[in-house]
Amino acid sequence: MRFDVVIIGGGLSGLVSGIRLQEAGLRCVVVSTGQSELHYSSGSLDLLSHLPDGTPVTDPVEAIDHLEEDHPYRRIGKLRFEHYAEEIPQMLYRCNILVQDALLENRYRITPTGQMKPSWLPFADFQLFDDPHQLPWKKALLLNFEGFTDFYVQPIAEAFLSRGVQCHTDVIVLPAVEKLRQSLTELASVNVAGVFEYTGQIDELVAIVNPMSADYDVVVMPAVFGLTSSASYQYLRSRMQRELCLVPTMPPSVPGLRTQRQLRERFCRLGGTLLTGDTVQRAVLNGSHVEGIFTANQGEVELTATNFILATGSFFSHGLVTHDDEVREPVFGVDVHQKGHTGFGVKTDAQFHPMVGGQVIHNLYAIGSVLPGFDPTREGCSGGVALLTAFAVSNRIINQTVES
Ligand SMILES: Cc1cc2nc3c(=O)[nH]c(=O)nc-3n(C[C@H](O)[C@H](O)[C@H](O)COP(=O)(O)OP(=O)(O)OC[C@H]3O[C@@H](n4cnc5c(N)ncnc54)[C@H](O)[C@@H]3O)c2cc1C
């Protein structure tokens, strides 16, 4: 099977890249084993919250100059960084992924433990705040579903109280959610969200919550609304008599799962080929050129293309593996790099071409979490790295195609 581009990995970076390429008229296939980090992403796509030395970042564009030279953002360059960061929210809207107002600066969102996290693009389920030390309410009603253990109201209540908000906690007992309690494993955020895909169940919820909320400014609930689209939480918000503040649950993340689904749908609607539940097992390299790849399900059918994109994530998604005390990239066997706190990743040149034995592979690119040069936890930039490297590489391929 022949494509313009074969993309290995269907997480945030692989799918965004596939969408960008399909929108430009290129024929792509995305091969993806399974779950991606989006399933765990708690509530936003973040550009850059801190510098490597821990300095908080307000203006990510200005902060780029302070990153190390091999940081993916430095390789993209300031002008392109700014341009892509403005374009990305537009693409997300085309995928029906609603995000908060896309300013090129960090504001704050609430984490699963009630803390304030600097954020760039929170999903529209969540509020953004200008001041991390203040909340705009005096009295909050914190609600959880009886027995739902992926949402902890106590730390949220403490964090709210430290910001001057009085809290009352209570539980909601709703028959449809109670049914899930018959088996502990069923009472997971995804299944609770499944209950609220129907407006009838939201009406029942609202009939319980509205009378409880009369004395409060805001009702806080777990973000378990909108598995397939944003319709559920929008409907819920429209029926509430008080302001609604949704707070992310522990993983899996309902907004993250919804985002993955919406990206996949957009890619397929654009005519892209999606091979999910399939794993790329080996590649055929001819000198500095990839000729094709073979997957577990396609057997001896080779997938060939002009360009290949490695978007297989880090250890978490098996984009990198440890073998005999050595870290390896398992599909192409490309060189792996480690530098201090920025961890392991696939070594590339400035255009994100990986290498084998120091030799650049000209029609192969690496994007997203498989790259080195950044510290996702310390710098709060991993969603942004996935999105911006996907844009950088896709645009390069599109420009090459136009020129040739
Ligand atoms: C708990 C948690 C919370 C997070 N919270 C945030 C947050 O608040 N803000 C933020 O910006 N970012 C956050 N992130 C990070 C963000 O979600 C990731 O940076 C981003 O989703 C990475 O996307 P990716 O496409 O590079 O990799 P991945 O999401 O890892 O996707 C890689 C995909 O490749 C597939 N794959 C691997 N090997 C193969 C193979 N051989 N063949 C076929 N497919 C293969 C995998 O199955 C997977 O689907 C969080 C991550 C985690 C784990």
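Numbering of ligands and ligand atoms starts at 1, following listing order. Hydrogens, waters and symmetry mates play no part in the numbers below; they use all other heavy atoms, side chains included.
The G368 neighbourhood of ligand 1 comprises atoms 26 (O), with distances under 4.0 Å to a heavy atom of that residue. For ligand 1, the atoms lying closer than 4.0 Å to a non-hydrogen atom of V331 are 41 (N). For ligand 1, the atoms sitting less than 4.0 Å from at least one non-hydrogen atom of V280 are 40 (C), 41 (N), 42 (N), 43 (C), numbered in the order shown with element in parentheses. In the vicinity of T279, heavy-atom distances shorter than 4.0 Å reach the ligand 1 atoms 40 (C), 41 (N), 42 (N), 43 (C). Applying the 4.0 Å criterion to heavy atoms of D278 picks out, from ligand 1, the atoms 43 (C). In summary, the atoms of ligand 1 found under 4.0 Å from a heavy atom of L45, numbered by their order in the structure, are 11 (O). Distances below 4.0 Å separate heavy atoms of S44 from the following atoms of ligand 1: 7 (C), 8 (O), 9 (N), 10 (C), 11 (O). Near S36, meaning under 4.0 Å from one of its heavy atoms, ligand 1 places the atoms 29 (O), 31 (O), 49 (O).
When atom types are taken as modelled, the side chain of D150 and the backbone of A188 share no donor-acceptor pair closer than 3.5 angstrom. In this structure a side-chain-to-backbone donor-acceptor pair under 3.5 Å is present from D335 to G357. D59 contributes no side-chain N or O that, together with a main-chain N or O of E105, makes up a donor-acceptor pair within less than 3.5 Å. Side-chain atoms of Q22 come within 3.5 Å of backbone N or O of C28 as a donor-acceptor pair. Side chain of D4 to backbone of N307: no donor-acceptor contact under 3.5 angstrom is found. Side chain of S49 to main chain of E379: a donor-acceptor pair is present (N/O by atom type, distance under 3.5 Å, no hydrogens or angles). The backbone N or O of F151 sits less than 3.5 Å from a side-chain atom of N144, completing a donor-acceptor pair. A distance-only check finds a donor-acceptor pair linking the side chain of E197 to the backbone of L227 [under 3.5 Å].
Only the side chain of K117 comes within 4.0 Å of ligand 1, counting heavy atoms alone; its backbone N, CA, C and O stay farther away. Residue contacts with ligand 1 for L15 are absent, since no atom lies close enough (heavy atoms, distance under 4.0 Å).
Looking only at protein heavy atoms, the nearest one to atom 14 (N) of ligand 1 is S382 OG, 3.7 Å. What sits closest to atom 8 (O) of ligand 1 on the protein, heavy atoms only, is R109 NH2, 3.1 Å. The single protein non-hydrogen atom nearest to atom 25 (O) of ligand 1 is S13 OG, 2.7 Å, given as residue, atom name and distance. Distance from atom 28 (P) of ligand 1 to its nearest protein heavy atom, with residue and atom name: S317 OG, 3.7 Å. Taking atom 48 (C) of ligand 1 as the reference point, the nearest protein heavy-atom neighbour is Q35 O, 3.4 Å. Nearest to atom 18 (C) of ligand 1 among the protein's heavy atoms is E37 OE1, 3.2 Å. At the top of the distance list for atom 38 (N) of ligand 1, counting protein heavy atoms only, stands T312 CG2, 3.4 Å. Shortest contact from atom 3 (C) of ligand 1 to any protein heavy atom: Y40 O, 3.4 Å.
Taking only nitrogen or oxygen atoms, main chain and side chain alike, G383 reaches within less than 3.5 Å of ligand 1. In terms of N/O distances under 3.5 Å, ligand 1 is approached by L12.
Note on ligand 1: P251 sits outside its first shell, no heavy atom being nearer than 4.0 Å.
Summarising the geometry of T348 relative to A366, their closest heavy-atom pair is CG2-CB, 4.1 Å, with the distance given to 0.1 Å. Minimum heavy-atom separation, Y73 to C381: OH-O, 3.4 Å.
A centroid separation of 6.0 Å or more is found between the aromatic rings of Y233 and F123.
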| request: Would you please test H353 and Y365 for ring-ring contact (aromatic ring centres under 6.0 Å, His included) and show each step? | output: CA-CA 5 Å; H353 293 295; Y365 296 87; 4.4 Å; yes

Checklist entry - For F344 and F315, what are the C-alpha separation, side-chain angles and deciding distance, and is it a ring-ring contact (aromatic ring centres under 6.0 Å, His included)? => result CA-CA 9 Å; F344 293 93; F315 294 97; 5.8 Å; yes

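The pair R266-E23 meets the salt-bridge criterion, with a side-chain N (NZ, NE, NH1 or NH2) lying under 4.0 Å from an Asp/Glu carboxylate O.
With distances taken over non-hydrogen atoms, the option nearest atom 50 (C) of ligand 1 out of S41, S369, P376 is S41. By heavy-atom distance, the residue among A311, S314, G384 lying nearest atom 33 (C) of ligand 1 is A311.
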